[in-house]
Student: 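One structure follows; several queries about it will come next.
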Amino acid sequence: MSAIKAVLRKGFETIEDLFDRIFGAKNNPFYQLGALGWFYFWIVVVSGIYVYIFFDTGVTQAYKSLEYLTHEQWYAGGVMRSLHRYASDALVVMMMVHMLREFAMDRFRSSRWFAWFTGVPMLWLVFAAGISGYWMIWDQLAQYIAITTAEFLDALPVFGESIARNFVTDAKLSGRFFTLMVFVHIALPLILLFIMWIHIQRHASPKVNPPRTLALGTFAMLLVVSFVKPALSQPPADLNYVPATVNLDWFYMPIYPVLNNVSGVTVWIALVAATVFLMMMPWLPPGKRHPVAVVNLDNCNGCGRCAADCPFSAITMEPRSDGSAYQLEAVVHADHCTSCGICVGSCPTATPFRTKSDLSPGIELPEHQISELRDKTIAASGKMTGNDRIIIYGCDNSLDATDVIDDKTQVLTMPCVGMLPPSFIDYVLSRNLFDGVFLTGCRQGDCNYRLGLKWTDARLAGERDPRLRKRVNADRVSKYWAGLTRHKEFFRKLTAFRKRLAAMGPEQDSGQQGKKTGVADINA
Amino acid sequence: MLEPRLIFGQIIAYGIFAIVLGYFSNSPAYTYHDPEKALLMVSFSHASQTKEECRRFTQEELAELAPNMRRPMDCPRERVPVYLEITMDDEVVVSNSYSPTGLAKDGSTSIYESIPVKPGKHELVSRMRDSRRKEGFDYTSKITVDLEPRELFVIDFRKELGGFYYK
Ligand code: HEM
Ligand code: SF4
Ligand code: SF4
């Protein structure tokens, strides 16, 4: 399975590189799949409401009312109907690619099991909602779907009476079924919306709206398809004849040809097995979970930054439990935590300027202690020579930079570069441990831990606490979000940075070197 | 402002997605039934005879039953399978035995078959055995049909209507 994953990941990254170039990282649709899903969903809802206003819910009148919309009111109702269809189709595409991508990028384990697990029922809901929609047109396609679906349901031993019989012998009963479908077609999307909402409950500031440019482009694209190829009905249903040839919507109905050729029981077993397998995937194979973040109350001042920055809503601020004068304390909910360390990077007490004895910040990853990071930085510095010594802080999910290690370059990685408190940069430069700090991590726009890059960028730019202090010479700090694939550009950026450092010569402002800086300074 | 090269790239990307959506939303067409053929459909549900006749409990058996379970007759509820045979112009198109539904096989039997056939004039004979007899048929019905291509001809069975009937 990991081989499939690796190939998929490579494939995604190659295509995404191309899309980055065309759309820019911000509008790259591959980084916005979930948000696009929401966007399509809202288009489906709005267009659906419009179509429903004109839709006649009787089995005999339904077809006519849609013909009216499509032909007499093509400029409004027809377009709405087409948008309804194409946005629904796009939703399926988005959902499948989104699922495949989360799998390829290995973003479904640890606390992310929740999003994955709640994603699975959405597959059923989306397909069922779409199929019930086609049923409502009551054309030959609907007739085909109705009979094939009924035969499929009959394969289950739970319905005593055959459902499929209704469609061959009793027009009245198929009418009643039709009414049921209208109800189902409204109920399923509502349930879907509810699960979509549950789906993102563990994400802090989830991406549910695509960036404006992408949204506009997508909507324009759907409009163009709607005008160029309006959604049409097939000839009206006639239970006395077999439709024989149907124009399937292949986004929603790839299963139907299978149903015509494989026994219903077999398909049920396959579908249920696939569903169960998908739902279990976050725990297959089990284990491999890293220890989660731990709060050290002695050093937590209750500022709440970790809770604000945690991308997985794994931290809440609770009333103090240790009798300290602070009002609140951070509490980590272990089953939500992905051990990314972004909270450590946000904590004002995680500053290397503190004396060795108390470099135990308010929050910490047991496997990646901040004191250890400082020790490694200091140790690495010892072996360096020249005035273009660079320390690269990188993350474990992007390219392996260790092959650039030499007597001027060192690399230290952590789960996410968002774990690096900005004070580290200040520390490294003001103590003259290195001449420059270079940060790297996942590709721009697609942080493996969602918000690590966003917060890092904001902290370095002085827009979010903890800010990089103004005294730090910005020319000595550089970053390139390389991801796994962009070696070339990474080396280019690194070389350019080295040249810049060499040209600058050693740091002049020696007055600050060795100056002890406390927590208060970083807070400022 | 975007470079023209990128605008062009985006238009291509959106264009490909648009074509994929527009095309696969109703193409290619799928043929699941030969349009040159008609379709015979057998579809009904029928409760066959019970496997064993009711019989009177003997005195000894009655004495063994719990008092609230005592009743004069013992009626095993399991039903016999339904045997159906349909011929078209003397050619057998269905010849099958169907089990009653329910774990105890005490429910009615559901039959659902579809058989593509050549259109045109045909003589259909439907025969059914739903009783304990081992041979012969309890119901027989003959009909001459003239089927068009794609026409759906339904063979139904309603005991209260006297047996086979057609739609
Ligand atoms: C209607 C369909 C769906 C919609 C609208 C949807 C939407 C979303 C959204 C908005 C996010 C949050 C993205 C972010 O803010 O980083 C998300 C995350 C996620 N979704 Fe879905 N989703 C859908 C279906 C699925 C399915 C079918 C699966 C897999 C079975 C799935 C698996 C995941 C996972 C694992 C994440 C977590 C990603 C992460 O933590 O980075 N989703 N989804
Ligand atoms: S960021 Fe640090 S000090 Fe602030 S609440 Fe979290 S653990 Fe405590
Ligand atoms: S390591 Fe910290 S920021 Fe990351 S998920 Fe756990 S609590 Fe949240």
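Numbers restart at 1 for each chain; the letters A, B, ... are given by sequence-line order, proteins then strands.
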Student: Considering only heavy atoms, which portion of A:Asn261 lies under 4.5 Å from any heavy atom of chain B: side chain, backbone, both, or neither?
Tutor: side chain
Student: Does atom CG of B:Leu161 have more than 12 heavy-atom neighbours, drawn from other residues, nucleotides or ligands, at distances under 6.0 Å?
Tutor: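 Count over threshold, so yes.
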Student: What part of A:Pro29 gets within 4.5 angstrom of chain B, counting heavy atoms only: side chain, backbone, both, or neither?
Tutor: neither
Student: Take atom CZ in B:Arg71; do more than 12 heavy atoms of anything else shown fall under 6.0 Å from it?
Tutor: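 Result for CZ/B:Arg71: enclosed.
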Student: More than 12 heavy atoms of other residues, nucleotides or ligands under 6.0 Å from CZ of B:Arg133: yes or no?
Tutor: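 Yes - once you tally the heavy atoms of other residues, nucleotides and ligands closer than 6.0 Å, there are more than 12.
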Student: With only heavy atoms counted, which part of A:Val224 is less than 4.5 Å from chain B, the side chain, the backbone, both or neither?
Tutor: neither
Student: Where on A:Ser82 is there a heavy atom nearer than 4.5 Å to chain B: the side chain, the backbone, both, or neither?
Tutor: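 It is neither, since no heavy atom gets under 4.5 Å.
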Student: Would you please go through residues 29-36 of chain B and name the residues with a non-hydrogen atom below 4.5 Å from one of chain A, in numerical order?
Tutor: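 Within residues 29-36 of chain B, near chain A: B:Ala29, B:Tyr30, B:Thr31, B:Tyr32, B:His33, B:Pro35.
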Student: What part of A:Leu223 gets within 4.5 angstrom of chain B, counting heavy atoms only: side chain, backbone, both, or neither?
Tutor: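 Neither part, no heavy atoms under 4.5 Å.
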Student: Taking B:Glu151 for the side chain and A:Asn240 for the main chain, is one N or O donor matched with an acceptor at less than 3.5 Å?
Tutor: no
Student: Using a 4.5 Å heavy-atom cutoff, which residues in residues 84-92 of chain B come close to chain A?
Tutor: none
Student: Any side-chain heavy-atom pair from A:Tyr241 and B:Leu39 closer than 4.5 angstrom?
Tutor: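 A:Tyr241 vs B:Leu39: side chains apart.
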Student: Which atoms of A:Leu222 are under 4.5 Å from chain B, going by heavy atoms: the side chain, the backbone, both sets, or neither?
Tutor: side chain
Student: In terms of heavy-atom pairs under 4.5 Å, which option from B:Ser108, B:Pro28, B:Ala38 contacts chain A the most?
Tutor: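 Heavy-atom pairs under 4.5 Å are most numerous for B:Pro28.
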Student: Name, in order of residue number, those residues of residues 127-136 of chain A that have a heavy atom at a distance of less than 4.5 Å from a heavy atom in chain B; otherwise write 'none'.
Tutor: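 A:Tyr134, listed by number.
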Student: Just wondering, are more than 12 heavy atoms of other shown residues or ligands nearer than 6.0 Å to CZ in B:Arg55?
Tutor: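 Enclosed: over 12 neighbouring heavy atoms sit under 6.0 Å from CZ of B:Arg55.
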Student: Roughly how far, to the nearest 0.5 Å, is the CE atom of A:Met221 from the CD atom of B:Gln10?
Tutor: 12.0 Å
Student: Is there a side-chain contact between B:Phe24 and A:Val93, using heavy atoms and a 4.5 Å cut-off?
Tutor: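 Side-chain contact under 4.5 Å: no.
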Student: Calculate, to the nearest 0.5 Å, the distance between atoms CD and OH belonging to A:Glu151 and B:Tyr112 respectively.
Tutor: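 The distance works out to 3.5 Å.
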Student: Just verifying a value: how many Å separate B:Leu21 CG and A:Asp249 CG, rounded to the nearest 0.5 Å?
Tutor: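 Atom-to-atom, B:Leu21:CG and A:Asp249:CG are 9.5 Å apart.
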Student: Given the options A:Val225, A:Leu18, A:Val92, which has more heavy-atom pairs under 4.5 Å with chain B than any of the others?
Tutor: A:Val225
Student: For A:Phe23 and B:Tyr14, I'd like to know if the aromatic rings sit close, meaning centre-to-centre distance below 6.0 Å.
Tutor: yes
Student: Work out which heavy atom in B:Gly9 is nearest to a heavy atom in A:Ile22; give both atom names and the distance.
Tutor: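 That closest heavy-atom pairing would be C-CG2, 3.3 Å.
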Student: Of the backbone (N, CA, C, O) and the side chain (C-beta and beyond), which part of B:Ala13 lies under 4.5 Å from a heavy atom of chain A, both, or neither?
Tutor: side chain
Student: Of the backbone (N, CA, C, O) and the side chain (C-beta and beyond), which part of A:Tyr252 lies under 4.5 Å from a heavy atom of chain B, both, or neither?
Tutor: neither
Student: Using a 6.0 Å cut-off, check whether atom CD of B:Glu135 has over 12 heavy atoms from anything other than its own residue.
Tutor: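 Counting other residues, nucleotides and ligands, CD of B:Glu135 stays at 12 neighbours or fewer.
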Student: What residue pairs, at least two apart or across chains, pass side-chain hydrogen bond (donor to acceptor under 3.5 Å, both in side chains) with a residue in residues 15-29 of chain B?
Tutor: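 Non-adjacent pairs meeting side-chain hydrogen bond (donor to acceptor under 3.5 Å, both in side chains): A:Lys229-B:Asn26.
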Student: Taking CD in B:Glu53 as the centre, count heavy atoms belonging to other residues, nucleotides or ligands within less than 6.0 Å. Is the count above 12?
Tutor: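 Count not over threshold, so no.
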Student: More than 12 heavy atoms of other residues, nucleotides or ligands under 6.0 Å from CZ of B:Phe8: is that the case?
Tutor: no
